[in-house]
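A short worksheet on the structure shown next.
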Amino acid sequence: MTAIATLGSHCALQVLKGAKDEGLKSILICEKKRESLYRRFNFIDELILVDSFNEILDEKCNSILEKNNAILIPHGTLISQMSSSEIESIKIPMFGNKSILRWESDRELKEKLMLEAKLNVPKSISNPKEINKLVIAKRHGAAGGKGYFLASNEKEYNKKRDRLISQGIIKGDDDLYLQEYVSGVLAYLQYFYSPLKDELEFFGVDKRHESDIEGLARIPSPEQMEMNEVPSFNVIANSPLVLRESLLSEVYSMGERFVDAAKRNVSPGMNGPFCIEGVYDADAKFHSFEFSARIVAGTNIFMEGSPYSTLLYDEPMSMGRRIAREIKNAESSNQIDKIVT
Ligand code: AMP
């Protein structure tokens, strides 16, 4: 029997509950410091205790996973804690496409794929001297918005960059990617593409609560002016959204263009869960600033299904469970090779 394995963080509870709901064995690679948390949940069949997640590359961990016929479900923690080469060297099969995770981590590759998908991407700025309107400076990888900042001109940018350097968060300009700031309603669009059915499912939408940009918005401007803090975009929580129904056809079309672009550029394509992240402006036009080429933590809101998965399934269907269902379907039709790399 196949087992589902994931790292103990991010969306592990949802993923392993989904595995159990589909009758698969669930395995957690768990840092010792979090053991007592994860022991609370009886749907986790086995814990592999490690000091650090990098031990997934060691033979000891690998052989337990291999013995269990495990498929690894990648999530944001894998990307933020391991380099692309390390991820690509993981021996057990990974759900989806592990090559596309490199495209998620690298801002230039990321932008290329989004443009290939004809998404409306805010302009990037290659030289801080060219800053002439509000920009957001972002770190590479899945940094979770920590250490991001806003600047309206080069002087302001230099001041904030230098502060991050002195805090040891970045080394210099190369660690930052500058993009025009778009104002509006933020929305994180969650999809699942099944290579077995060649079908795109729109699974849900969330918004993120980010600290302390959200906290700053609660402070009246005279007090804001007195503060000397560089706000950050550190994700703390997520909450659900539903979109105006008239926006849905463009939501599907963006997802389909993304799946097509991934097929053309990063074989075998965007298989499994992914997320397109952006802002609806005052004309309800979507500007996509980011994608995640794997399950996002915002799907944790919908453990019992979302308003959109409810339209597709007559049973509670979380993204974690959808992944397990795809694995089961692939197994029973002898097509596991189509859904893992
Ligand atoms: P990211 O790492 O690209 O997901 O960005 C983290 C957070 O920064 C997002 O959740 C948004 O709140 C904000 N953000 C990123 N890019 C933009 C942008 N171009 N315009 C407005 N807000 C942005």
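By convention here, the first residue in the shown sequence is residue 1. Just follow the structure's listing: the first ligand is 1, and inside any ligand the first atom is 1.
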Which ligand 1 atoms are under 4.0 Å away from a heavy-atom of [X]?
{"X": "Glu277", "answer": "4 (O)"}
{"X": "Ile136", "answer": "8 (O), 13 (C), 14 (N), 15 (C), 16 (N), 17 (C), 18 (C), 19 (N), 23 (C)"}
{"X": "Tyr181", "answer": "20 (N), 21 (C), 22 (N)"}

Quick one: look at [X] and ligand 1, take heavy-atom pairs under 4.0 Å, and tell me if it's side chain, backbone, both or neither.
{"X": "Tyr188", "value": "side chain"}
{"X": "Phe233", "value": "side chain"}
{"X": "Arg107", "value": "side chain"}
{"X": "Glu210", "value": "side chain"}

Check which hydrophobic residues are tied to Met227 through side-chain heavy-atom contacts below 4.5 Å, counting indirect links as well, and list them.
Leu216, Ile219
Heavy-atom nearest neighbour of atom 17 (C) of ligand 1 within options Tyr177, Phe289, Phe291, Phe149
Phe289
Applying side-chain hydrogen bond (donor to acceptor under 3.5 Å, both in side chains), can you list everything that pairs with Ser232, at least two apart in sequence or on another chain?
none
Give yes or no for whether the N/O distance cutoff of 3.5 Å, strictly under, is met between Gln179 and ligand 1.
yes
Is any side-chain N of the basic residue among Glu250 and Lys285 closer than 4.0 Å to the acidic one's carboxylate O?
no
Do NZ/NE/NH1/NH2 and the carboxylate oxygens of Lys207 and Glu214 come within less than 4.0 Å?
no
Phe258 and Phe291: aromatic ring centres closer than 6.0 Å?
yes
Counting only heavy atoms from other residues, nucleotides and ligands, does the tally under 6.0 Å from CD of Glu130 exceed 12?
yes
When you measure from the heavy atoms of His287 to every atom of ligand 1, does any distance fall below 4.0 Å?
no
Using the rule that Ile, Leu, Val, Met, Phe, Trp and Tyr join whenever any side-chain heavy atoms are under 4.5 Å apart, tell me whether Ile48 and Leu13 fall into a single cluster.
no
